[in-house]
2 protein chains.
Amino acid sequence: MPYTYEFARPALTVDCVVFAHDPGEGELRLLLVRRALPPFAGAWALPGGFVRVGESLDAAARRELVEEAGLDKVYLEQLYSFGEPHRDPREHVVTVAYYALVRLGAEEVHGATDASDAAWFALSDLPPLAFDHQRIVDVAERRLRAKVRYEPIGFELLPPTFTLSQLQRLYEVILGQELDKRNFRKKILASEVLADTGDVQKDVAHRAARLYRFDERAYRRLQKRGFHFEV
Amino acid sequence: MPYTYEFARPALTVDCVVFAHDPGEGELRLLLVRRALPPFAGAWALPGGFVRVGESLDAAARRELVEEAGLDKVYLEQLYSFGEPHRDPREHVVTVAYYALVRLGAEEVHGATDASDAAWFALSDLPPLAFDHQRIVDVAERRLRAKVRYEPIGFELLPPTFTLSQLQRLYEVILGQELDKRNFRKKILASEVLADTGDVQKDVAHRAARLYRFDERAYRRLQKRGFHFEV
DNA sequence: TCAAAAGTGTTACAGATACACCCATGT
DNA sequence: ACATGGGTGTATCTGTAACACTTTTGA
């Protein structure tokens, strides 16, 4: 009997904590799917599922996002692995958790995705979650809060071009604190990771704001010179 | 057939990147074990092994450290999970990597532990490693470097009481840069996470330095008040 | 003309950096 | 007495925080 079969093995899943930002809300949103099968049938849970043999963890997470939520090409990063023996009542299931950041199109914000039963919830008003998924969400939230301060990942939650006020509101939502407008603008523009598109907002009932985009090329250049982004 | 058996499952292991600090060296050391069995028989590898059903990931990591390296009660933290399908030539094996920080007793520094074939290597002069273990070591090193700046984990690598110079040298080794003695002392003492033991060094051929210990209680108090440690 | 958000500079303070000498101890 | 590391203070610089008004635009 080969060495690898000496012991029974735990099952292995991936689960994804999918964050989105609705500009109209003062809070992040989280994507949940309703479970069709036991255990926790009918309960809300993180999108996820079993890792297949021959499939990398990242690939499994991306596949589940497509299958269960219709989400493709999102920002995705591994979060932490959870392996308490009784986190799944059936048997020992270890899950590798990921978190994802997505840009909401207007049609996706309200109402479900094309998957059968998926919906967005305000982060502070989640329904009871299956398994230890609330715990995973908590860990993801802490990580996002910490990471957004020193890596430019916030842009993943915004449309490709955005105003400085939109960016500031996003940071205020994630960090849970108000920021000074002048200081925020000074700092973010001084960092030189934003490029002015030359365009301005359309169809707003007040002075139109300049539109910026995240300049990934500039960011990489700065990074190589030892610069580190910080809000 | 139950849902969980729908697909064949990858195997699941834990691997530990064990760092130690030898005061005499200008560099961290890493614990490796020699593999007895194929694949990579005879090669050096990270201590680790299969996760058993009913065992948490942390417990598996701690068990492997005891079994393979004779190390108990060390600082241990989950690092990252690696699951590329071909990282193990036999079959698909996913590993949850941990890193550990240990205090070296004089007798452990040179020569192996009580385990059959374990040894310490200078981090920059490792032998070729089995599997993707070099990659795991690289990730661990980056994490340690980053984390040591804003969490007081460096103390885990030092004896319970230590001098400020020992602490400074440790930081210099981890961060790979020289630090100014006066500024270092000012900053670390101002942070109030060190307690003066009242004792001094013994048996040194020069003025004996004060011995400090990390004051975990004080650190927790400060943490609650929103303070964050930084070097 | 009003409402709503865009845009803009200066001052004060705190923390970080740079820097060089005397002291205590054992050999 | 000398070699070795222990221990200390100040001046400058840099970045952060606090703070209020004018401008543009569409309704």
Side-chain angles (χ1 to χ4, degrees), chain A residues 22-26 148-150 158-159 161-173 175-213 222 225-231, chain B residues 22-26 148-150 158-159 161-173 175-213 222 225-231:
Chain A
D22 179 349
E25 296 270 324
V148 83
R149 287 185 169 277
Y150 61 90
L158 289 175
T161 71
F162 47 84
T163 69
L164 290 179
S165 293
Q166 286 169 348
L167 184 62
Q168 182 179 342
R169 268 192 292 275
L170 171 65
Y171 274 98
E172 288 173 339
V173 162
L175 299 176
Q177 65 182 262
E178 300 218 328
L179 301 172
D180 179 85
K181 184 161 67 160
R182 280 167 296 184
N183 292 339
F184 179 81
R185 284 162 179 254
K186 245 181 298 172
K187 197 162 174 181
I188 205 89
L189 290 176
S191 78
E192 300 190 313
V193 298
L194 292 193
D196 190 334
T197 63
D199 272 349
V200 295
Q201 275 183 318
K202 280 282 156 200
D203 301 317
V204 287
H206 53 78
R207 176 172 177 180
R210 295 167 112 83
L211 288 168
Y212 293 85
R213 62 179 175 77
L222 289 166
R225 297 186 198 157
F227 164 86
H228 76 279
F229 179 85
E230 200 178 334
V231 174
Chain B
D22 179 351
E25 296 269 324
V148 83
R149 286 185 169 277
Y150 61 89
L158 289 175
T161 72
F162 47 84
T163 69
L164 289 179
S165 292
Q166 286 169 347
L167 184 63
Q168 182 179 342
R169 270 192 290 276
L170 172 66
Y171 274 98
E172 288 174 338
V173 162
L175 298 175
Q177 65 182 265
E178 301 217 327
L179 302 172
D180 179 84
K181 184 161 65 160
R182 281 167 295 186
N183 293 338
F184 179 81
R185 288 156 109 92
K186 245 182 299 174
K187 196 161 174 180
I188 206 88
L189 289 176
S191 79
E192 301 190 311
V193 298
L194 293 193
D196 190 335
T197 62
D199 272 350
V200 295
Q201 274 183 318
K202 282 281 158 201
D203 303 316
V204 287
H206 53 77
R207 176 173 176 179
R210 297 167 110 83
L211 288 168
Y212 293 85
R213 62 180 175 76
L222 289 165
R225 297 188 197 157
F227 164 87
H228 76 279
F229 179 85
E230 199 177 336
V231 174

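First the proteins, then the strands, lettered A, B, ... as listed; each starts at 1.
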Practice item. To the nearest Å, give me how far apart CD1 (I188(B)) and P (dG15(C)) are. Key: 16 Å

Point to revise | Donor-acceptor contact present, side-chain Q166(B) to main-chain P23(B), <3.5 Å | key: no

Check your understanding: Considering only dA18(D), dT16(D), dA27(D), which nucleotide approaches the side chain of A205(A) most closely?
Key -> dA27(D)

Check your understanding: Roughly, in whole Å, what's the span from CG in N183(B) to C1' in dG15(C)?
Key -> 11 Å

Review point. Separation of L211(A) atom CG from dA6(C) atom P, in whole Å?
Key: 11 Å

Review point. Can you name the closest pair of heavy atoms from S191(A) and I188(A) and give their distance?
Key: OG-O, 2.7 Å

Exercise for review: Could you point out which residue of L189(B), T163(B), L167(B), T161(B) forms a side chain to side chain contact (heavy atoms under 4.5 Å, CB included) with Y212(B)?
Suggested key: L189(B)

Revision key, fill the gap. Of Y212(A) and K186(A), the one whose closest nucleotide on DNA chain C sits nearer the 5' end is Y212(A)

Point to revise | Among K187(B), R182(B), K181(B), side chain to side chain contact (heavy atoms under 4.5 Å, CB included) partner for R185(B) | key: K181(B)

Review point. Under 4.0 Å: is that the gap between some side-chain N or O of R185(B) and OP1 or OP2 of dG7(D)?
Key: yes

Practice item. Calculate the interatomic distance between R182(B) atom CZ and dT17(C) atom P; express it in whole Å. Key: 14 Å

Revision key, fill the gap. Whole-Å distance, Q201(A) CD to dA4(C) C1', equals 12 Å

Practice item. Would you mind telling me which of dA20(C), dG7(C), dT10(C) lies closest to the side-chain atoms of K181(A)? Key: dG7(C)

Check your understanding: What's the CD-P distance between E230(B) and dG15(D), to the nearest Å?
Key -> 15 Å

Check your understanding: Given that D180(B) and S165(B) both sit by DNA chain D, which one's nearest nucleotide is further toward the 5' end?
Key -> S165(B)

Point to revise | Length of the CD-P vector between Q177(A) and dA18(D), whole Å | key: 10 Å

Practice item. Can you tell me the distance, in whole Å, between the CG atom of D203(A) and the C1' atom of dA6(C)? Key: 17 Å

Check your understanding: For dA16(C), does either OP1 or OP2 sit under 4.0 Å from a side-chain N or O belonging to K187(B)?
Key -> yes

**Study point:** Options dG7(D), dT17(C), dA6(C), nucleotide nearest the side-chain atoms of R207(B)
**Key:** dG7(D)

Review point. Is the backbone N or O of L211(B) less than 3.5 Å from a side-chain atom of T197(B), with the two atoms forming a donor-acceptor pair by type?
Key: yes

